[in-house]
Protein chains: 2
Amino acid sequence: MTIDDIARLASVSKATVSAVLNDKPGVARLTRDRVAAIIDRFNYQPSHVARSLSVRSTKSIGLVIKEIDNPYYTRIMRGVFDACSRRGYTVFLGSSELTFVQEEKSIQAMVNQQVDGLILTPLQGGNRDITYLATLIARKFPLVLIGEVKNLQTGVVTILNADAAYEAVSYLIQQGRRDIAYFAGPATSMHNDERYEGYRRALAEHELAISPRYVREAGSYFEGGRKEGLELFGGPGEKPTAVFCYNDLVAIGLINALQELKIRVPEDVAVIGFDNIDFCRYANVPLTTIENPAAAMGEAAADLLIGQIEQGDRFVPERITLNARLIKRSST
Amino acid sequence: MTIDDIARLASVSKATVSAVLNDKPGVARLTRDRVAAIIDRFNYQPSHVARSLSVRSTKSIGLVIKEIDNPYYTRIMRGVFDACSRRGYTVFLGSSELTFVQEEKSIQAMVNQQVDGLILTPLQGGNRDITYLATLIARKFPLVLIGEVKNLQTGVVTILNADAAYEAVSYLIQQGRRDIAYFAGPATSMHNDERYEGYRRALAEHELAISPRYVREAGSYFEGGRKEGLELFGGPGEKPTAVFCYNDLVAIGLINALQELKIRVPEDVAVIGFDNIDFCRYANVPLTTIENPAAAMGEAAADLLIGQIEQGDRFVPERITLNARLIKRSST
DNA sequence: ATATACAGCTAAACCGATTCAGGTGAATAT
DNA sequence: ATATTCACCTGAATCGGTTTAGCTGTATAT
C-alpha cells in the first residue's frame, strides 16, 4: 500500500492524499472524508522512510550513554524515552562502553542513521578529545550533554554537584561528626571534582582540616568502596567518624567492609552516598544519599533537544540545572 | 554532499559512485581509486534514509521490553545491543511499561519506523490478546520473543525455568530442609508457572507434601517479598525452614523481613532467589540464586532475529533454550 | 459585463540513494 | 574482415513520500 494506491482508489491526486494525511488545509470537507475513509479501510500507514527523505527529518533522536546496564544511566534512559515518546520522537540506543573510541563510533552510527539530534552522557577526563563533538556543533547538529564538557557550546543538563555535596557534608558536621572522609570517584570524572569541591567547602566553612589519608580514590563500584573501607578502617592510624562517598555503590561497598570489621553504622561511622539508586532502600542499613534526579535530567535533556531541533536556526544553547536533594535514612 | 556531487566531481555517473560505495564489481581499478579518493576527501557519507527507501531495509531493529529501568531487562538490552552493533544493526528502544496498550503502541511505533525486525519481551497473562502479534507474524514480519507466548509461531529464546527451579529446590532438600515455601511471582507470568512446576516436581520426587500456606503470591518486587515474609514468619502457625523465591527482589525483601524478625539466614531459614541481579553480591547476606543469562538471551535473540531478517523467506521459526545455573552463596 | 478573488485540486519536480537494461570500444575468435 | 565477447560505464526508472506553481471554476466586487 502506497500513497499512489490510495490516490487511485479515491480518484484524487497523491498531493491531496498527502494533504489529508498531514491535516493541511485546502481540501474540501467531502473529499477529506472520502480519502480518510479509504485510508483507514485499508489500514494504510505512510512510509516513514520516504517521508524522512522528503522532509529531511527522521523524527528520531540518538541517546548515547556510558553503560547500558548501569542503573544510573538506565534512569536517564527512562526519562529520555518518556519525554521523546510524549513528543512523537523515537530513540536510538547507543553506548560508549566507557571508551572514547566506542563513544565516537556510537555517535557516528547515530549521525549516520540521520537522527535529528543527539543526547550524550559524555566521557570525561584530561585526555578528552573535543574535536569531533566540536565539528558536530559547528555543523549546527543538535546536541545536548548530560554533564559538562569544557569548551563546548551546546545545551547542557546538570545538577549542582558541589552544592549537593556541600549540603551532605554540612549535615554530617551538624550531627557532630568532625572527622569526615571522602571516598572519591574516578579522577577523570568532573562530577567527582565538583563533589570534592563541595566537601572541601563544607569542611573549610567549619574550619575543619582535610586529612589526606581521608581522601581516597574508590572509583565508582562496590569493590572500590569495600577495598578502601577495609584498608582505612582495618589498618592502623586514626579513623574518621563519617564518610561521604562518590556514589551509592561505593557507599554500599564501604558499609559491607564496615560490617565485616564489626564497626557499627551509623553509631561508629556515618555513611552518605550519592545517586539514590533503588538498592539504597533495600539495603539492610538504608542509605542516606543524595537524590540524583536522573530521570528528570533525561526528560529535561530530551525537551531541550527537541526544542533545539524544532527551532532550527535562532537557538541559543541553554543550560538546565536541576536540584539534587538529600535523603536522610538510617546510615547517618 | 550527495551522490550526485561526488559523481560530478569524479566525472562519472552516480551508478558508478554507487558501485564504488558498495564494493560492487564492474568498476575499473583506476576509476574506483579516483572515486574513492574524492569520497573521502570530502568525507562524504551516503544518506542512510535514501538508501533505506531504495533497498527497503533500514538496518535497524526494535527492542520492546517491559520496563526500561529494571536491571533484568537492562541486561537483555545490553546483549541485544552488543550483538546488533557487531552485525551492523542499530536498535530502537521501546517499552511496554507493563500494559498491553502501551506494548502495542510501542510495537506500532517501531513498525512504523520501518525497523527490519522486532525483539519483544512479551507481557503475559490470561487476557493476553494475540491478534496483533499474530497479524505481524502472518505478514512475515521478523519477530523474536524472549519468553514464551502460547500459540505464536516465531523465534523464541527462553531458559528452562522449571528445570532451574527443580535444581534449586532439590539443592535445598539435599541440605536437609524439608519444609520449603515458594514465594510466587505474579499469577499472570508464565515464568512463574514454570518455576512453580519445578518446585512441585522436586518436592514430589522426595515425597514431600506442599503446604498451601507455604505457597504465597509475592509478586516481583521487594515490597511483596517483605510483606509475605512478615506475614508468614511473624504470624502464628508452622514456619518453613527454606524459601524458594520467584526472583531476587522478592528474596531480598524476604531476607529484610527475616532480619527484622531476628530470624537468622541461613541458619534458621535458607533463601534462594532467581535472576542473579548485581544486587545479590552486594547484599549483606550474599544471596544464593539462579543465574538468569539475560545478556546471553539478548544476544541470542538478536542473532536469531538478524538471521531471520537476512534469510528472508525460507526461514523456520527457531527456538533457543539457554541454561540457567545455580549459584551457591551464603543464604543457603 | 468584466475583473478579481479564492477554494479546491493536480502535475511535476524533488529528496538521495539503487538497479538494470543497454551502449561503447577494445580484445579475441573465426 | 567480420563476428563475438567482455569489461566498463551510463541513462533512466524506481523507492514513497512532500511541495510548489499553476489550473479550474465558482463567488464576489466594480
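Naming convention: chains lettered A, B, ... in sequence-line order (proteins, then strands); numbering from 1 in each chain.
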Rounded distance (Å) that lies between atom [atom2] of [N] and atom [atom1] of [X]:
X       : N      : atom1 : atom2 : result
B:Ile3  : D:dT10 : CD1   : P     : 12 Å
A:His48 : D:dG17 : NE2   : P     : 12 Å
B:Asp23 : C:dA17 : CG    : C1'   : 17 Å
A:Leu53 : D:dT18 : CG    : C1'   : 10 Å
B:Asp5  : C:dC15 : CG    : P     : 10 Å
A:Leu21 : D:dT18 : CG    : P     : 6 Å
A:Asp4  : D:dG17 : CG    : P     : 8 Å

(message) So if I take residues 26-44 of chain B and measure heavy-atom distances to DNA chain C, which residues fall below 4.0 Å?
(response) B:Tyr44
(message) Using a 3.5 Å distance criterion without hydrogens, assess whether the side chain of B:Gln124 forms a donor-acceptor pair with backbone atoms of B:Glu148.
(response) yes
(request) Indicate yes or no for a side-chain donor-acceptor contact from A:Arg34 to the backbone of A:Ser11 under 3.5 Å, with no hydrogens or angles considered. (result) no
Every protein N/O lying under 3.5 Å from an N/O of nucleotides 19-28 of chain D:
{"from": "D:dT19", "atom 1": "OP2", "to": "A:Lys24", "atom 2": "NZ", "distance (Å)": "2.8"}

(message) Using C1' atoms of five pairs at each end, report the bend of the helix from C:dA1-D:dT30 to C:dT30-D:dA1 rounded to 10 degrees.
(response) 60°
(request) Can you measure from CG (A:Asp23) to CZ (A:Arg32) and round to the nearest 0.5 angstrom? (result) 6.0 Å
(request) Give, for atom CD1 of A:Ile76 and atom CD1 of A:Ile146, the distance between the pair rounded to the nearest 0.5 Å. (result) 4.5 Å
(message) By nearest atom, which of the nucleotides D:dG16, C:dT10, C:dT18 is closest to the B:Arg56 side chain?
(response) D:dG16
(request) Go through the steps for A:Asp82 and A:Arg78 under the test salt bridge (Lys or Arg N to Asp or Glu O under 4.0 Å), then give the verdict. (result) CA-CA 6 Å; A:Asp82 286 351; A:Arg78 123 108 32 217; 3.5 Å; yes
(message) Using side-chain heavy atoms (C-beta onward) and a distance below 4.5 Å, is A:Arg128 in contact with A:Leu133?
(response) yes
(message) Can a side-chain donor-acceptor contact be found between B:Asp116 and B:Ser57 if the only test is distance below 3.5 angstrom?
(response) yes
(request) Could you check whether B:Val12 gets within reach of a base, just the sugar-phosphate, or nothing at all, counting any heavy atom under 4.0 Å? (result) sugar-phosphate
At their closest point, which heavy atom of [X] faces which heavy atom of [Y], and how far apart are they?
X       : Y       : value
B:Val27 : B:Lys24 : CG2-O, 4.2 Å
B:Ser60 : B:Phe92 : OG-CE1, 4.0 Å
A:Val49 : B:Ser52 : CG1-CB, 3.8 Å

(request) Using the side chain to side chain donor-acceptor pair (under 3.5 Å) rule, take A:Ser47 and B:Gln114 through it: C-alpha gap first, then chi angles, then the decisive distance, then the call. (result) CA-CA 8 Å; A:Ser47 156; B:Gln114 284 159 279; 3.3 Å; yes
